[in-house]
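Every chain is numbered from 1, with letters handed out A, B, ... down the list of sequences.
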Amino acid sequence: MAIRDRPTLPRTSVSDHHRPRPPTRAKTPPMNPSDLYARLRETVLAALTHIIPDLPADIAARVEVTPTRDPAHGDMATNAAMVSAKAARQPPAKIAAALVQRLNAGAEIATAEAAGPGFVNLRLRPDAFRALLPIILTQGEAYGDATTGAGIKINVEYVSANPTGPMHIGHCRGAVVGDALANLLSKAGYAVTKEYYINDAGAQVTALAWAAYWRYLQATGTKMTEEAFASEVPGGLQYKGEYLVEVGNALAARFQASLATPDLGIASPELWLDTVKGFTIDAMMTEIREDLRRLGVEQDIYSSERKLVATGAADKIIDQLRADGLIYEGVLEPPKGKTPEDWEPRPQTLFRSTQFGDDVDRPLRKSDGSNTYFANDIAYHADKISRGYDVLIDILGADHGGYVPRMKAAVKALSAGKTEFGAVLCQIVHIMKGGQPVRMSKRAGTYVTLRDLLDEVGKDAVRFTMLTRNSDAQMEFDLDKVLATTRENPVFYVQYAHARCRSVLRAAAEMFPGKALDETNLAAIPTDSLNGDPELTLIRRLALWPRTVEAAAQAREPHRIAFFLYDLAADFHMLWNRGKDDTTLRFLQSDQPAETLARLALVAATAVVIRSGLVVMGVAPVEEMR
RNA sequence: GCGCCCUUAGCUCAGUUGGAUAGAGCAACAGCCUUCUAAGCUGUGGGCCGGUGGUUCGAAUCCACCAGGGCGCGCCA
């Protein structure tokens, strides 16, 4: 459902009707017990507070246990001695030495040693890592779920395209990034709502309606030429793409000639504009939602700008802001250095966004008295705030970057600073084919629609590839490479790793007839025999999954999941490849049932983690490659 | 002119929010494999992290300035 009938709007002047909400960033986030690193951090912290009983909380919060980059440094390292040196008035080396002494007695720690400027390097007993396998197999895809979100309500708004035509590549990145980010936040413990804002008010959709009306007249057999028609259209005839022909036909079928003059000319807009507009928008939204469905995106809420305007919500918000003294009639300075040629001082209805960190105050009304896009968007965000979200995230194209500070200001004003606003900007995607860029032109009709792209390379390749870059960086999307079945294509490489895991487990079923090799049973298998470096490397990677989820969610960077999965797949393929030269290193060894079962537990756990990562990305974990 | 984002190996990009000797893929070079798990595998070389200062135990990461690229800059959304 779209906009609710009567949004209850928060009063900025009233602060106490907001329920207390948990802080967005808890000072001491609840420890995730299945995160090995988080657990060891607790161990280190306990030792540290024993050495420094009056350790300040803010220092304790800076203590971290991280994976080492160099295996010579052990498995994990902590900065505890360095960050607490100042507060303890002791040199880092002395604290490190004391930590080493206490930690060496630990159950999971094989050795602890001081190194470098004050690091304490920890080498864990292999058992500590292997103990993760039953945890992973028991928890299944829930392994890696974080609690940092603590149920904080987040609204992620994405796509939000003008419903003026089919979706194209430009919309696609935001759709994928938004959807994956929402999934990621949800895995990190946030209460997430996925939302689409339909920009179905304003000049663009009016132009769309005229274009659809032209197709309608054509369908009824008008004698007008396109030139004659276009000369009557305010602002000229836009949206000349073929995709509106069908809409015109549907309009003609539904309304016959009743929307035109008797001689099939242009009737007065009062007679048809709203009807045609609504009809066309509905048709476009049907198409867009179908495109999104094929892309694997299904949002929880679709909000309509038009309905928002119709309910007068925008006017109410402006009145309310005016009552709070945040609206005034004024004249803006021309932009410094580059004054538009037609610049003239003009009084406008302005929002005091500068009071909330913006550079200039922003206009809310156009000269014809209608609302600016910003004004309606303020009302829309007020609506979202009234629905009780703690955090609002908008996924925007990079060309909207300049828009962020004013929206941030508006949210601050509307929520009395209680609701956090954040934007994720998506840079442009350049489509490449045969080594050449594919030029996009809406008018020439040569743009690549999302549907074409999905037909050509498939949902999984589109989604994964869109997530192989930081969304803030420009991206080349090479149509030839995303279908390559080689290591340089991460989609293939990761899916292949999962398929190989499943393949091993299928083959194992023949080796152990009558034994159910499901995750529950494998969780009970002793894994002491997993001693080799490649095995332990793989398990260490699996141990990184929870903190990867947490860090990616906190940074709001879903692409990190893609990179993690690529590394995980590499570790697995390496293990698999050992069996190529030496068949005694393959997973399945009929003369070693116990060792084989242990390896199967590792393989099954790997499959679980790959699967749960792919689920976040919205990519199918395939059972076999075809 | 101002603001925001970006600059890392020949190319495309990571870099665990300030940690130790900066990583991966491609390309290059050198081997292996000729299909029982090769839609390949192993190894090597490759760097002034755009530049200059600063902050501190410690900087690709934070700050200032500069250079180059992208985006934006009153009634477009």
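Side chain of K86(A), nearest nucleotide from rU56(B), rU16(B), rG3(B): rU56(B). Of all nucleotides listed (rG15(B), rA20(B), rG19(B)), rA20(B) comes nearest to the side chain of N121(A). Nearest nucleotide to the R586(A) side chain, out of rC57(B), rC36(B), rA77(B): rC36(B). When distances run from any side-chain atom of D399(A) to the nucleotides rG72(B), rA77(B), rC57(B), the shortest one goes to rG72(B). For E64(A), the listed nucleotide lying nearest its side chain is rG19(B); candidates were rG74(B), rG19(B), rG3(B). Here rA77(B) is the nucleotide among rA20(B), rC5(B), rA77(B) with the atom lying nearest to any side-chain atom of R406(A). Taking every side-chain heavy atom of R560(A) into account, rU16(B) is the closest of rC5(B), rU16(B), rG25(B).
Atom name C1', nucleotides rU7(B) and rG50(B): the rounded distance is 6 Å, in whole Å. For the P atom pair drawn from rG19(B) and rC13(B), the interatomic distance equals 24 Å after rounding to whole Å. Using P as the reference atom, rC26(B) and rC62(B) are 30 Å apart when rounded to the nearest Å.
There is a side-chain donor-acceptor pair under 3.5 Å between S304(A) and D200(A). With hydrogens and angles left out, the side-chain atoms of E329(A) and T349(A) include a donor and acceptor closer than 3.5 Å. Judged purely by distance below 3.5 Å, without hydrogens or angles, the side chains of Y37(A) and E550(A) never pair a donor atom with an acceptor atom. In this structure, a donor-acceptor pair under 3.5 Å is absent between the side chains of T68(A) and D70(A).
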Considering only nitrogen or oxygen atoms on both sides, find all protein atoms under 3.5 Å from nucleotides 41-44 of chain B and state each distance.
from: rC41(B); atom 1: O4'; to: K580(A); atom 2: NZ; distance (Å): 3.1

Nucleotide N/O to protein N/O under 3.5 Å, stretch nucleotides 6-13 of chain B:
from: rU12(B); atom 1: O2'; to: R469(A); atom 2: NH2; distance (Å): 2.5
from: rC13(B); atom 1: OP1; to: Q474(A); atom 2: O; distance (Å): 3.4
from: rC13(B); atom 1: O5'; to: R469(A); atom 2: NE; distance (Å): 3.0

Short heteroatom pairs, N/O only, protein and nucleotides 59-63 of chain B, under 3.5 Å:
none

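In this structure, T596(A) OG1 and M511(A) CE are separated by 4.0 Å, a value rounded to the nearest 0.5 Å. Interatomic distance, T372(A) OG1 to F351(A) CZ, rounded to the nearest 0.5 Å: 11.5 Å. Atom-to-atom distance recorded for L321(A):CG and I317(A):CD1 is 6.0 Å, nearest 0.5 angstrom.
Both the sub-6.0 Å distance and the 45° axial angle are satisfied by R352(A) relative to the ring of Y328(A). Geometrically, R362(A) does not engage F374(A) in a cation-pi contact, judged by NZ or CZ lying under 6.0 Å from the ring centre and within 45° of the ring axis.
Within the 3.5 Å criterion, the main-chain N or O of Y143(A) finds a donor-acceptor partner in the side chain of W545(A).
Contact annotation for A115(A): base contact, defined as any heavy-atom pair under 4.0 Å involving a base atom.
A salt bridge does not link K408(A) with D394(A): none of the charged nitrogens is closer than 4.0 Å to a carboxylate oxygen.
Side-chain N/O atoms of H559(A) and base N/O atoms of rA14(B) include no donor-acceptor pair closer than 3.5 Å.
Taken together, the paired segments of RNA chain B that extend over three or more consecutive Watson-Crick or G-U pairs, each closer than 3.5 Å at both contacts, are B:1-7 with B:67-73, B:10-13 with B:23-26, B:28-32 with B:40-44, B:50-54 with B:62-66.
Within the structure, every pair that satisfies the side chain to side chain donor-acceptor pair (under 3.5 Å) test and touches residues 71-82 of chain A, not counting sequence neighbours, is listed here: D75(A)-R540(A).
Its glycosidic angle being more than 90° from 0, rU61(B) falls on the anti side.
Not counting sequence neighbours, the partners of Q495(A) by the side-chain hydrogen bond (donor to acceptor under 3.5 Å, both in side chains) test are D460(A).
Aromatic ring pairs are classed by plane angle as parallel below 30°, tilted from 30° to 60° and perpendicular above 60°; the pair Y496(A) and H573(A) is tilted.
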